[in-house]
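Remarks on the structure that follows.
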Amino acid sequence: MRVLKEDPEALLSRFAAFESGLNGAKTAWAHELRRAGLGHARELGIPTTRNEEWRYTNVARLAKDAFELAAPAPVAPEALKPFGFSGLGGPRLVFVNGHFDAQLSSAGELPKGVVAESLKARIAAGDARVQAHLGRYARQAEHPFVALNTAFLLDGAFVFVPKGVQAEAPIHLLFVTTESAAPAVSHPRNLLVFEDGARAQVVEHYAGLSGGAYFTNAVTEAAVGAGANVDHTKLQQESLEATHIASAEIRLARDARYANHSISLGGKLTRNDVNAKLDGERVECTVNGFYIANAAQHVDNHTIVDHAQPHGRSYEVYKGVMDDEAVAVFNGKIFVRPGAQKTDAKQDNKHLLLSRAAEVQTKPQLEIFADDVKCTHGATVGQLDKNALFYLRARGIGRGEALRLLTLAFAEDVLKEIGHEALRADVAERVHRRMEATTALRSGA
Amino acid sequence: MLEIKNLQARIEGKQILKGLDLTINAGEVHAIMGPNGSGKSTLAQVLCGREEYEVTGGSATYLGKDLLELAPEERARAGVFLAFQYPVEIPGVGNTYFLRTALNAIRAHRGEEELDAMDFLELTRKKMKLLKMDESLLKRSVNEGFSGGEKKRNEIFQMAVLEPKLAILDETDSGLDIDALKIVADGVNSLRAPDRAILVVTHYQRLLDYIVPDFVHVLYQGRIIRSGGKELALELEAKGYADVEEQTAKAGG
């Protein structure tokens, strides 16, 4: 495989600078993990479009632009208002340019034993639970940007829900990026550990506080214990000039129920990898996504649902609304390993085209090595129903609002699965507002 | 209220309306009858602004305004209502939210305040009783999974909530059994008012037993060939369209 080698000197010197800045945070085992990540990053380089996994998403620019590591910056609490959720009642952890900001964060209400803290702080405190899980699931040896994230691993959220504990209030993890003189990169790293029978809801939220160019390269690892029930929402509201690359690696033990809702509204270039491994019997897993893209936005979603054990059920719906010259890429892999009998897997990818110039590349990829399984997949590209549009207008609803209502209805399959009612309503509201900024859906259109 | 002069319209290059004249005053109920393909539904769709139909000549003046110039939503806000022959199912758009958005758009146009969720609920409860509709239908998506009869009742229910000045009922009787037909007709009759006009488009005379019109017009090949009182509908029912057409041709020739 041909790769673009980032200038090795530049990568090494950046790492050296990062390393010297770590000072006391250079816990030995964590630093070993970073050094291993650096090794992989040097080997893997920045992928070109000759790499099958990056065929339709060109990230060559990232090798050319010298992104400096983003530094902490002061942020006024009011600046976060647009990214707050009302009625959740849980804690909020705020990270500014990848660095935990205790001032902006709030504790919220959590049952005893539940942890929602800065990963950096937990590493420094020598938390054995962090050491036991961090770097165990993410594909730093295979995914170039996971490798890079691991090399520059510094901070992010550590969430831990002990055995049998029900943490009802959603835990809000908010990553904001501020305006900077030169394009900056942050590498948020999250670790979510849910013990057997735990119940929790987590919102991973990325937002730009300026309209400028920057690069967020996030990695989230989640270990979901036997019989645990986890609802995981990722909301991406980056600046429209930003590059957002995020990987989630989820490990599911027997009888676990897990749902991932990936909502992408911002970013000039977005690449999400969501990989869920059903690593025990009778796991029920939902992997959903919704995105809106317009202008020259590019949004790429790669998912892997890996049925490694029998009697697993997985449901996947990815839906995209495409306007102007936006490009969407979807690659959905479903693996059914030998012995994973009675697997029931469904995958669906639907696009709504609002412009003739928008482009969609969709590829379901099923690899099935067991014989007693049910796997279905489908992909459609369509336009808004003209009859429905006329019906709404004939009742007095303006064209723009009618288009937005129909588009929101298109998103409903994905949004309705978000477990927490107030969160679901809030996300739907943000999706609705995002529509105002697209050419075809804005008021008066 | 509505004055149509020499209206001509086509769809996909095919001329359907070939010079139609019709005047409707406030308080009147008009019925347009005609065989399949005569242009009944085209007239209804053109009056409500369906963009697929191209108006190639003539005029339609509604309350002194050029109706054909207005966008579909502007016509609705000005008080024109179409009860669809085939109400559209819209999965994912809630019936309540849809109707409240529509009502508030119309109220805003009239310079009235928006109705909040509570007031709206009270209003809809009252109107649903009128159509003997199950309240659970409001919680569903627009027309989704409704039976044929429920869809038609839902159209008249919407009419009752939106209180139009000019209501156009396009084949509202099609697909209704006799009980549902009575309920729908009762609903429409309860909306008859001195300041409201109703245009009933239908193939069969049956509906007109229950919604008794003041005037009946026969539409044939894109023109109104005969107009009369309610007894004209009975004549059509007895003799058929072909006979009426023949007599009209003779009388005219």
Side-chain angles (χ1 to χ4, degrees), chain A residues 261 263 288 290 292 317-321 348 350-352 378 380 382-418 421 424-425 427-429 431-433 435-436 440-445, chain B residues 44-53 70-110 140-144 151 154-155 157-159 161-165 167-168 170:
Chain A
H261 320 276
I263 315 291
N288 282 355
F290 177 76
I292 298 185
V317 180
Y318 264 75
K319 285 187 152 189
V321 175
D348 213 350
K350 288 185 174 154
H351 284 98
L352 183 59
T380 57
Q383 290 164 342
L384 283 175
D385 180 353
K386 274 189 184 164
N387 290 327
L389 180 61
F390 180 67
Y391 192 79
L392 296 176
R393 295 178 73 192
R395 293 291 177 260
I397 299 172
R399 188 170 180 273
E401 183 61 18
L403 287 168
R404 289 192 291 276
L405 270 180
L406 292 175
T407 306
L408 201 60
F410 174 76
E412 180 65 13
D413 283 355
V414 173
L415 299 179
K416 74 171 197 273
E417 295 298 323
I418 296 175
E421 201 177 326
R424 180 170 62 241
V427 170
E429 174 62 30
V431 168
H432 199 174
R433 255 184 281 148
M435 290 176 195
E436 280 277 357
L441 301 174
R442 66 179 171 231
S443 284
Chain B
Q45 301 275 330
V46 165
L47 291 178
C48 293
R50 184 98 190 192
E51 281 155 353
E52 283 82 351
Y53 292 88
L70 302 177
E73 58 268 37
E74 291 169 330
R75 299 180 197 201
R77 290 171 196 169
V80 178
F81 178 90
L82 172 66
F84 282 63
Q85 183 179 4
Y86 303 109
V88 185
E89 295 196 14
I90 314 180
V93 176
N95 228 348
T96 305
Y97 187 82
F98 152 70
L99 194 52
R100 188 151 73 95
T101 306
L103 179 62
N104 281 333
I106 291 168
R107 290 177 67 95
H109 179 83
R110 292 180 194 149
R140 308 234 297 258
S141 291
V142 176
N143 292 320
E144 195 187 28
K151 281 181 185 170
N154 195 27
E155 293 294 291
F157 162 66
Q158 290 174 25
M159 176 179 160
V161 171
L162 300 177
E163 301 187 312
K165 293 193 180 83
I168 303 163
D170 188 6

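The chains referred to below are lettered A, B, ... by the order of the sequence lines, with proteins before strands, and numbering in each begins at 1.
- From B:E155, atom CD reaches atom OH of A:Y391 across 3.5 Å, with rounding to the nearest 0.5 Å.
- Contact check for B:E52 versus A:F390: no side-chain heavy atoms found under the 4.5 Å cut-off.
- Taking a 6.0 Å sphere around CD of A:Q383, one finds it holds 12 or fewer heavy atoms contributed by other residues, nucleotides or ligands.
- B:R50 contributes atom CZ, which lies 4.5 Å from atom CG of A:N387 (distance to the nearest 0.5 angstrom).
- Using a 4.5 Å cut-off between heavy atoms, B:N143 touches chain A through its side chain atoms alone.
- Without hydrogens or angle criteria, A:R395 side chain to B:L82 main chain gives a donor-acceptor distance under 3.5 Å.
- The backbone N or O of B:V93 sits nowhere less than 3.5 Å from a side-chain atom of A:E412 that would complete a donor-acceptor pair.
- In this structure, no portion of B:P164 lies under 4.5 Å from any heavy atom of chain A.
- Heavy atoms closer than 4.5 Å to chain A are found nowhere in B:R75, neither backbone nor side chain.
- When every heavy atom of B:P91 is checked against every heavy atom of A:A409, the shortest pair comes out as O-CB, 3.4 Å.
- A salt bridge does not link B:E74 to A:R393: none of the charged nitrogens lies less than 4.0 Å from a carboxylate oxygen.
- Between atom CD1 of residue B:I90 and atom CG of residue A:L392 there is a gap of 4.0 Å, rounded to the nearest 0.5 Å.
- What you find for B:A76 and A:G396 is that their closest heavy atoms are CB-N, 3.3 Å.
- Among B:A78, B:G92, B:A105, the residue making the largest number of heavy-atom pairs under 4.5 Å with chain A is B:G92.
- Residue contact with chain A, scored on non-hydrogen atoms closer than 4.5 Å, involves the side chain of B:Y97 exclusively.
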